[in-house]
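In what follows, chains are A, B, ... by sequence order, proteins preceding strands, each numbered from 1. Every heavy atom of this structure was used, including side-chain atoms; hydrogens, water molecules and symmetry mates were not.
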2 protein chains.
Amino acid sequence: MQDTYAMPGHLARRFQQIAVAVFLAEVDAAGYDLTPVQYVALAAISANPGIDQVTLAGLIAYDRTTITGVVDRLVQKGLVERNESSRDRRARELTATPAGRKTLDGITPAVEAAQRIMLRGLTQKEAKDLIRLLQKAIASSNELSRAPLRDPATA
Amino acid sequence: MQDTYAMPGHLARRFQQIAVAVFLAEVDAAGYDLTPVQYVALAAISANPGIDQVTLAGLIAYDRTTITGVVDRLVQKGLVERNESSRDRRARELTATPAGRKTLDGITPAVEAAQRIMLRGLTQKEAKDLIRLLQKAIASSNELSRAPLRDPATA
DNA sequence: GCCTATTGATCAGTATGCTGAATATCAGTA
DNA sequence: TACTGATATTCAGCATACTGATCAATAGGC
């Protein structure tokens, strides 16, 4: 049996664990209070005003049931508005508020710094390779998770 | 601002999400009911009989407070025994039960299959590169998470 | 031996993520 | 139009993960 420390599953958990910790530390140091999940959701909503929750979920590969709580918290923080859709009364239309867009602008440098920090042990070439390999592995197994990415560009 | 889909933080979440889904599917198909976290904990306990919870946490990079619940569930499933330590009455000594060791043996092929599946889109060389790069990135940022790895071999 | 700082475990509270089910609504068809 | 199947959201329940606090016990310095 191979070394546990070399198993991709273990490495995935560790890398994600570190990525979240670095993200929260940088964002907090910049004076913001937003989780990685909330950030990605806010960015996607801001880029797609009026988006419904299922489409949003597919866009950022969340589970549908997780989205509800995430949006709840974004609404509670005043960063997002959730309104009943006029075309489909089942759906909710999500829009970033001015405060949401302002937060997004202000937080971006911290988010980018976090990305650099989590790769700080790698050379530029290694970092590019890692990103490429992760993207390739993820693309090949996208359908294996309950919340596959639904990229409108490739759908 | 760079593409969200190319951010290491996003890729870390997606890869971990897929890794967990693949693990659970393979383990379930093999007739077992064990999460990735429970598996790693059980393996570490089996390899280190009598280990206490803090040492276990360091060995597999868990948060101390998470361990309590994980061990609770392993004990409830009859795979692990938790006894008060005789040397230190604060500590708990963890041991795998015969059922725990049997589960570990039986589940190994499914766990290894899961590792292959989550890398199925990569060539052998790419898979090796990905593992190496993840290990390198993680090692450089180990101390940035609340639950850094405490490898007894390097401590 | 006593005091203080540390340590091992647990708990309360919050935020992902998932499964499976319920509810309301919509869309297509007989 | 009535019915059937699909869809958008939410909820209950469970399992990670984390922060910060509490509590019991230990260890080291004096």
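Mapping Glu93(A) and Ser145(B) onto DNA chain D via the closest heavy atom, the residue that lands nearer the 5' end is Glu93(A). A residue-by-residue look at Thr55(B) and Val70(A) shows that Thr55(B) has its nearest nucleotide of DNA chain C further toward the 5' end. Remark on DNA chain C: of its neighbouring residues Arg92(B) and Ala21(B), the 5'-side contact belongs to Arg92(B), judged by nearest-heavy-atom nucleotide.
Checking dG17(C), dT25(C), dA25(D) against every side-chain atom of Arg89(A), the shortest atom distance belongs to dT25(C). Among the nucleotides dA9(C), dA15(C), dT16(D), the one closest to any side-chain atom of Thr68(B) is dA9(C). Across dC18(C), dG17(C), dA17(D), the shortest atom-to-atom separation from the side chain of Gln17(A) is found for dA17(D). Set against dA15(D), dT9(D), dG20(C), the side chain of Thr65(A) has dG20(C) as its closest nucleotide.
Whole-Å rounding puts the Arg13(B) CZ to dG17(C) P distance at 6 Å. Rounded to whole Å, atom P of dC18(D) lies 16 Å from atom CZ of Phe23(A). In this structure, CD of Gln53(A) is placed 15 Å from C1' of dA24(C), rounded to the nearest angstrom. Put simply, CG on Asp63(B) is 18 Å from P on dA15(D), counting in whole angstrom units. The nearest whole Å value for the distance from the CZ atom in Arg150(A) to the C1' atom in dT7(D) is 14 Å. Nucleotide dG8(C) holds its C1' atom 16 Å from the CG atom of Asn83(B), rounded to whole Å. For the pair His10(A) NE2 and dA17(D) P, the computed distance is 12 Å after rounding to whole Å. The interatomic distance linking Gln16(A) (CD) with dA17(D) (P) rounds to 9 Å, in whole Å.
Looking at Arg90(A), its side chain has no donor and acceptor atom pair within 3.5 Å of the base of dT9(D).
Using a 4.0 Å cut-off between charged side-chain N and carboxylate O, Arg150(A) and Glu143(A) make a salt bridge. Salt-bridge annotation for Asp72(A) and Arg82(A): present, with a side-chain N of the basic residue lying under 4.0 Å from a carboxylate O of the acidic one.
No hydrogens or angles considered: nothing links the side chains of Arg73(A) and Gln76(A) as a donor-acceptor pair under 3.5 Å. Thr55(B) and Asp52(B) form a side-chain donor-acceptor contact under 3.5 Å, judged by distance and modelled atom types alone.
Residue Arg87(A) has no polar side-chain atom (N or O) positioned under 4.0 Å from OP1 or OP2 of dA8(D). Taking only side-chain nitrogens and oxygens, Arg73(A) comes nearer than 4.0 Å to OP1 or OP2 of dT16(C).
Between the side chain of Ser46(B) and the backbone N or O of Leu42(B) there is no donor-acceptor pair closer than 3.5 Å.
Residue-level contact check: Thr35(B) touches the backbone only, with heavy atoms under 4.0 Å from sugar-phosphate atoms and none from bases.
With a 3.5 Å ceiling on both atom-pair distances, the Watson-Crick or G-U wobble partner of dA12(D) is dT19(C).
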